[in-house]
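In what follows, a structure is listed as structure tokens, so that the remarks can point back to it.
Heavy-atom basis, side chains included; hydrogens, waters and symmetry copies ignored. Remember, it's 1-based here, ligands and their atoms both numbered in the order they're listed.
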Amino acid sequence: MNEHPTSSFSSKFGLIMAAAGSAVGLGNIWKFPYIAGENGGGAFLIIYLICVILFGLPMVLTEFLIGKRSGKSVYGAFNELKENNHWHWLGWLCMMSAFLIMGFYFLVTGWCFNYLVEAIGNVFHGLDSEALAAHFTEVSGNKLRMIGFGLIPVVLTAVVLWFDVNKGIERLSKILMPLLLLMMILMAIRVLMLDGSNAGVQFFFNVDFTKVTPKVILEAMGQCFFSLSIGMGALITYGAYMPKNQSATYTSIQVISLDTIVALLAGVIIFPAVFAFGFNPAEGPQLVFVVLPAVFEQMSFAWLSSVLFFILLCIAALTSTISLMEVAVAFITEASKGRLNRQHSVLITSAIVIVLIVVCTVIPQSFDVFDKLTACIMLPIGALGMSLFVGWSLPAKNGKGVLRADKGARYWFGKVYIFMLRWLVPVAILLVLLNSLGIFK
Ligand code: PFF
């Protein structure tokens with residue numbers, strides 16, 4: 001335990017906010033709307049919500065419990081619970097997923113910082129839909145500028161992790177979350193009052209089952225894992241810092257609810273605006289960056305609203321990058337067996353991330369490959385591994401004991417949880433993966 005890089009969070013609320021901070025991020029506000037837009041809106045939404053129910057609770061809880069019970073990072077957690085096991089690879093998979101995600105996630109966080117600076121300079125004022133789209137293409141095409149802006153969040157994240165986890169993450173998250181929610185609710189109300197917004201509401205909430213293809217199912221599952229930060233040990237890492245008297249079960253429910261509410265709110269802001277302003281819902285990764293500035297133009301206090309929103313978006317992204325980088329930092333520190341301290345690991349991780357950011361900028365295809373490879377393959381395999389590890393491989397006393405590490409769990413809940421973990425989760429993940437390979441045609 002003393003190899004562990006930090007002490008625990010100082011309050012239960014702090015841990016909930018930090019875990020929610022990890023979950024709520026660009027995945028909800030940037031990725032969810034564009035993936036939903038590309039995959040038929042309502043059809044995607046319904047599959048996404050089914051995935052959240054099916055995978056969300058068992059997997060968020062499982063990760064918290066593995067962390068809480070082992071007190072280790074993903075490097076040592078699996079060994080700690082079962083000695084001489086063959087599950088060591090899971091820790092390595094988690095760390096690799098973390099690095100690949102960081103490669104593109106920091107880049108998009110850099111876009112957010114770029115937009116924040118431009119919002120402060122009132123650059124979007126008076127631009128119509130076409131001009132906003134052209135603006136994004138121009139900005140994102142400037143590779144040097146994008147690398148430069150990508151470095152800002154790397155430095156900020158490294159600074160937070162350099163010092164102690166609990167103080168940095170806790171303080172930031174406690175203030176941010178409520179403010180972000182409030183701001184998004186105000187934006188949703190404004191957007192719903194726009195002429196022509198109805199078509200967007202229809203698009204987002206009307207389920208057309210003919211649009212549900214294997215690709216939609218795979219992407220919805222991937223988005224669920226990505227958005228809830230599951231399948232790569234971020235929540236194992238945080239679970240290790242969980243105060244022992246905190247209920248992992250209730251914490252999981254709170255984190256999942258918050259994450260889902262923010263994703264839904266993002267959809268309710270983006271799609272009505274897309275239709276009201278004549279954008280294309282399948283615009284791709286630039287969707288929110290072209291739509292949001294148009295939304296702010298319609299709001300009272302346009303300048304202030306957009307600046308405030310982009311500040312919140314940057315911080316929401318940062319609380320996620322902190323959790324992503326913490327997975328790697330905790331892994332490296334623990335794996336070095338005392339040779340490297342936390343600060344060394346932060347430096348090594350940051351250096352690798354900078355290389356990955358450059359790769360994603362210089363070879364644009366790698367952005368897409370990292371994104372799809374992690375969300376649709378590596379995170380599901382990570383989650384599959386964890387569910388089999390806890391559900392089947394741990395000796396019964398430890399398997400159920402994982403849940404016993406939790407104060408709030410009821411007996412019946414334990415039964416349902418173990419059933420989901422042993423059967424529902426692994427079978428569903430396998431079916432979705434095989435289905436996407438076209439096996440069931
Ligand atoms: N859940 C984050 C988001 O929705 O933006 C992204 C993320 C963070 C994924 C941490 C995975 C992770 F471990």
Output the list of atoms in ligand 1 that are nearer than 4.0 Å to some heavy atom of G27, sorted by atom number. 3 (C), 4 (O), 5 (O)
Those atoms of ligand 1 less than 4.0 Å from some heavy atom in L324: 8 (C), 10 (C), 11 (C), 12 (C), 13 (F)
Has the side chain of K72 got a donor or acceptor atom that lies under 3.5 Å from a matching backbone atom of E80? no
Parallel, tilted or perpendicular: which fits the ring planes of Y105 and F226, with parallel below 30° and perpendicular above 60°? tilted
Any nitrogen or oxygen of D259 lying under 3.5 Å from a nitrogen or oxygen in ligand 1? Just yes or no. no
With heavy-atom distances below 4.0 Å as the criterion, list the atoms of ligand 1 near N28. 4 (O)
For atom 1 (N) of ligand 1, what is the closest protein heavy atom, and at what distance to 0.1 Å? F226 O, 2.8 Å
Would you say Y105 and ligand 1 have an N/O pair spaced under 3.5 Å apart? yes
Please tell me whether E334 and S73 have a donor and an acceptor in their side chains that are separated by less than 3.5 angstrom. yes
For atom 10 (C) of ligand 1, what's the nearest protein heavy atom and its distance? S229 OG, 3.3 Å
Test of proximity, A23 against ligand 1: N or O pairs below 3.5 Å: yes
Taking the side chain from Q223 and the backbone from G27, do they hold a donor-acceptor pair closer than 3.5 Å? yes
With heavy atoms only and a cut-off of under 4.0 Å, state how A317 meets ligand 1: side chain, backbone, both or neither. neither
Report, in ascending order of atom number, the atoms of ligand 1 lying under 4.0 Å from any heavy atom of L26. 5 (O)
Contacting atoms of ligand 1, where contact means under 4.0 angstrom from a heavy atom of S22: 1 (N), 2 (C), 8 (C), 10 (C)
Determine whether the side chains of S140 and Q286 contain a donor N or O and an acceptor N or O closer than 3.5 Å. no
Does any N or O of ligand 1 fall below 3.5 Å from an N or O anywhere on V24, backbone included? no
Under a 3.5 Å distance rule, please check whether S227 uses its side chain to pair with a backbone N or O of C224 as donor and acceptor. no
Taking only distance into account, with no hydrogens and no angle test, what donor-acceptor pairs under 3.5 Å do side-chain atoms of residues 358-370 form with protein atoms, sequence neighbours excluded?
from: T361; atom 1: OG1; to: I357; atom 2: O; distance (Å): 2.6
from: S366; atom 1: OG; to: V359; atom 2: O; distance (Å): 3.3
from: S366; atom 1: OG; to: I363; atom 2: O; distance (Å): 2.5

Centroid separation F275 to F203 less than 6.0 Å: yes
Could you tell me whether R342 and E326 have a side-chain N and a carboxylate O separated by less than 4.0 Å? yes
Pull out every atom of ligand 1 sitting under 4.0 Å from any heavy atom of A234, numbered as shown with elements. 13 (F)
